[in-house]
Amino acid sequence: MCGRYALNATAGDLIEHFGLISCPEWNARYNIAPQSSIPVIRLKPGAGRVGQLVRWGLIPSWAKDPSIGNKLNNARSETAADKPAFRSSFRRHRCLIPANGFYEWQAIEVEAKVRKQPWYIHPTEPGALFAFAGLLAAWNTPAGDTLVTTCILTTGPNALMVPIHDRMPVILAPEQFDTWLDPDNPDVDGLRGLMQPCDPDLMAAYPVSPAINRGSAEGSECIKPVEVVS
DNA sequence: CCAGACGTTGTT
DNA sequence: GTCTGG
DNA sequence: CCAGACGTTGTT
DNA sequence: GTCTGG
């Protein structure tokens, strides 16, 4: 779950919304897929929150083969603190991933065949952004460079998501940002406690065209509401 | 102890 | 690096 | 997440 | 079936 999302905010929007001290330029995107370079927000101790572009698909520091990053787009929040692939990232390298909304595919049966209807889920409040809870990892390339990668934590569905899908991203509220982002926060149990489905009243959803399925589809038509054809 | 895996999603 | 399986 | 490819050898 | 690319 959460394998596709939209971020059409500008760097200025992110700076304002999340109180960043810096943020790389960003061109609006409506169909961001794993392996893309995406902006994450992390806390630079003693300085403040910064935006940084990293690759979506976590490569643990110990990986010999970076292709493991093709699979680690998400981490189950229920177990991430304990799994070898995510443990050290959960302890020390947490981030937020800003999004205007995300996509989920709803399996619906039509004439005894399963069809997948994509939905777009966005904040109820106009102009608001989601902040997904994410993890970071730094991997040393054979060439001697450092490749920073990320993944999105997932959790069970809230009431809005239940009809659509059985997983959703962990979405944090502004009052939780500091606790989550502080790399020196040693309270793993407290961090675990943040890993909950968010209040369903904060989100709204509508179906979109299956044109989104194609990873190369781009533009605001990706989030245009459609009638469900059944 | 060493060797080998280390993950999620969805689908069967 | 750290955990699980043998 | 879904779509689309999935291979080698040798030659240009 | 499984991996890579978008």
Side-chain angles (χ1 to χ4, degrees), chain A residues 1-8 27-38 53-93 97 99-110 112-122 130 132-140 146-157 161-171 183 188 195 197 205 207-219 221-223 226:
Chain A
M1 124 79 250
C2 206
R4 221 67 88 73
Y5 74 98
L7 180 63
N8 51 285
N27 295 316
R29 290 207 51 199
Y30 294 86
N31 192 11
I32 301 171
Q35 307 309 311
S36 302
S37 180
I38 62 170
L53 291 176
V54 304
R55 186 201 281 187
W56 182 12
L58 190 133
I59 304 172
S61 61
W62 43 259
K64 293 189 186 72
D65 181 357
S67 68
I68 190 173
N70 295 337
K71 303 170 185 172
L72 306 188
N73 311 321
N74 296 137
R76 291 180 63 87
S77 64
E78 297 91 332
T79 54
D82 306 310
K83 297 277 187 182
F86 303 122
R87 187 186 144 94
S88 62
S89 294
F90 192 94
R91 302 242 166 164
R92 293 280 310 165
H93 305 293
I97 297 163
N100 289 86
F102 62 94
Y103 301 94
E104 286 293 355
W105 280 259
Q106 176 189 39
I108 49 181
E109 205 166 305
V110 179
K113 289 185 180 174
V114 175
R115 197 173 71 78
K116 289 203 156 184
Q117 172 62 49
W119 290 69
Y120 183 64
I121 300 98
H122 62 93
F130 285 139
F132 302 149
L135 302 177
L136 295 170
W139 187 74
N140 295 317
T146 299
L147 177 61
V148 181
T149 58
T150 189
C151 68
I152 297 172
L153 287 152
T154 65
T155 184
M161 290 303 300
V162 162
I164 300 173
H165 200 70
D166 64 352
R167 301 293 291 171
M168 61 178 274
V170 174
I171 296 170
V188 173
M195 305 286 97
V208 294
S209 165
I212 190 73
N213 293 2
R214 193 175 292 269
S216 56
E218 256 301 344
E221 57 271 27
C222 291
I223 61 169
V226 298

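Chain naming here is simple, since letters A, B, ... match the order of the sequence lines and numbering starts at 1 in each.
We find that CZ of A:Arg115 is positioned 14 Å from P of B:dT11, with the value rounded to whole Å. Atom CG in A:Asp65 sits about 13 Å away from atom P in B:dC6, given to the nearest Å. D:dA3 atom P lies 11 Å from atom CG of A:Asn31, rounded to whole Å. A:Met195 has its CE atom 17 Å from the C1' atom of B:dT8, to the nearest Å. Atom P of nucleotide D:dC1 and atom CE of A:Met168 are separated by 16 Å, given to the nearest angstrom. Straight-line distance from the CZ atom of A:Phe90 to the P atom of B:dT8: 13 Å, rounded to whole Å. Rounded to an integer number of Å, the gap from A:Tyr120 OH to D:dC1 P is 19 Å. In this structure, the CH2 atom of A:Trp105 is 13 Å from the P atom of B:dT11, given to the nearest Å.
Backbone-only contact: A:Thr79 has heavy atoms under 4.0 Å from sugar-phosphate atoms and none from a base. Heavy atoms of A:Phe86 sit under 4.0 angstrom from primed sugar atoms or phosphate atoms, though from no base atom. Residue-level contact check: A:Ala85 touches the backbone only, with heavy atoms under 4.0 Å from sugar-phosphate atoms and none from bases. Among the protein residues, A:Ala75 comes within range of the sugar-phosphate backbone only, with heavy atoms under 4.0 Å from sugar or phosphate atoms but none that close to a base. Within 4.0 Å (heavy atoms only), A:Asp166 reaches sugar-phosphate atoms of the nucleic acid but no base atom. Within 4.0 Å (heavy atoms only), A:Asn73 reaches at least one base atom of the nucleic acid. Counting non-hydrogen atoms under 4.0 angstrom, A:Thr154 reaches the backbone sugars and phosphates but no base.
The same atom, P, is picked in B:dT12 and in D:dC1; the two are 14 Å apart, to the nearest Å. Atom name C1', nucleotides B:dT8 and D:dC2: the rounded distance is 15 Å, in whole Å. For the C1' atoms, the distance linking E:dG1 with B:dT9 amounts to 16 Å, nearest Å. Of the P atoms belonging to B:dA5 and E:dC3, the separation is 14 Å, rounded to the nearest Å. Annotation: B:dC6 and E:dT2 have their P atoms spaced 14 Å apart (nearest Å).
Distances shown here put every side-chain N or O of A:Ser216 at or beyond 4.0 Å from the OP1 or OP2 atom of D:dG4. Applying the 4.0 Å criterion to OP1 and OP2 of C:dT2, one finds that A:Ser88 has every side-chain N and O outside that range. A:Arg167 has no side-chain polar atom (N or O) that falls below the 4.0 Å cut-off from OP1 or OP2 of D:dC1.
In this structure the side chain of A:Phe102 reaches within 4.5 angstrom of the side chain of A:Ile171, judged on heavy atoms. Looking at A:Val226 and A:Pro210, their side chains never come closer than 4.5 Å, going by heavy atoms from C-beta outward.
Formation of a donor-acceptor pair under 3.5 Å by the A:Trp139 side chain with backbone atoms of A:Ala63 is found in this model. Between the side chain of A:Arg55 and the main chain of A:Gly69, no donor-acceptor pair closer than 3.5 Å is present. Judged by distance alone, with hydrogens and angles left aside, the side-chain atoms of A:Asn100 form no donor-acceptor pair with the main-chain N or O of A:Ala28 at under 3.5 Å. Between the A:Trp56 side chain and the A:Ala33 main chain, no donor and acceptor come within less than 3.5 Å of each other. In terms of modelled atom types and a separation under 3.5 Å, the side chain of A:Tyr120 and the main chain of A:Gly101 share a donor-acceptor contact.
Here the closest heavy-atom approach between residue A:Ser36 and residue A:Arg29 is recorded as OG-NH1, 3.7 Å.
Evaluation of A:Trp62 against the base of C:dT2 yields no stacking contact (centre distance < 5.5 Å, interplanar angle < 30° required).
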*Under the ring pair (Phe, Tyr, Trp, His ring centres under 6.0 Å) rule, what do A:Phe130 and A:Tyr5 come out as? Steps first, then yes or no, please.*
CA-CA 11 Å; A:Phe130 285 139; A:Tyr5 74 98; over 10 Å; no
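Listed by chain and number, the residues in a salt bridge (Lys or Arg N to Asp or Glu O under 4.0 Å) with A:Arg76 are A:Glu78 (sequence neighbours excluded).
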Could you give the side-chain donor-acceptor pairs of residues 148-156 of chain A under 3.5 Å, partners two or more places apart or in another chain?
residue, atom, partner, partner atom, Å
A:Thr149, OG1, A:Ile59, N, 2.8
A:Thr150, OG1, A:Leu135, O, 2.8
A:Thr154, OG1, A:Arg167, NH2, 3.0

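Under the side chain to side chain donor-acceptor pair (under 3.5 Å) criterion, the residue pairs touching residues 82-91 of chain A are A:Asp82-A:Arg192, with sequence neighbours excluded.
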*If pairs are Watson-Crick or G-U with both distances under 3.5 Å, what is the dot-bracket string of DNA chain D, marking crossing pairs with [ ] and pairs to another strand with |?*
||||||......
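Of the residues in residues 207-215 of chain A, those with a non-hydrogen atom less than 4.0 angstrom from any atom of DNA chain D are A:Asn213, A:Arg214.
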Output one line per pair: protein atom, nucleotide atom from nucleotides 3-6 of chain C, and distance, for all N/O pairs under 3.5 Å.
residue, atom, partner, partner atom, Å
C:dC3, OP1, A:Arg87, NH1, 3.2

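Checked against A:Ile108 for a side-chain contact (heavy atoms from CB on, under 4.5 Å), the options A:Arg115, A:Lys113, A:Lys116 give a single hit: A:Arg115.
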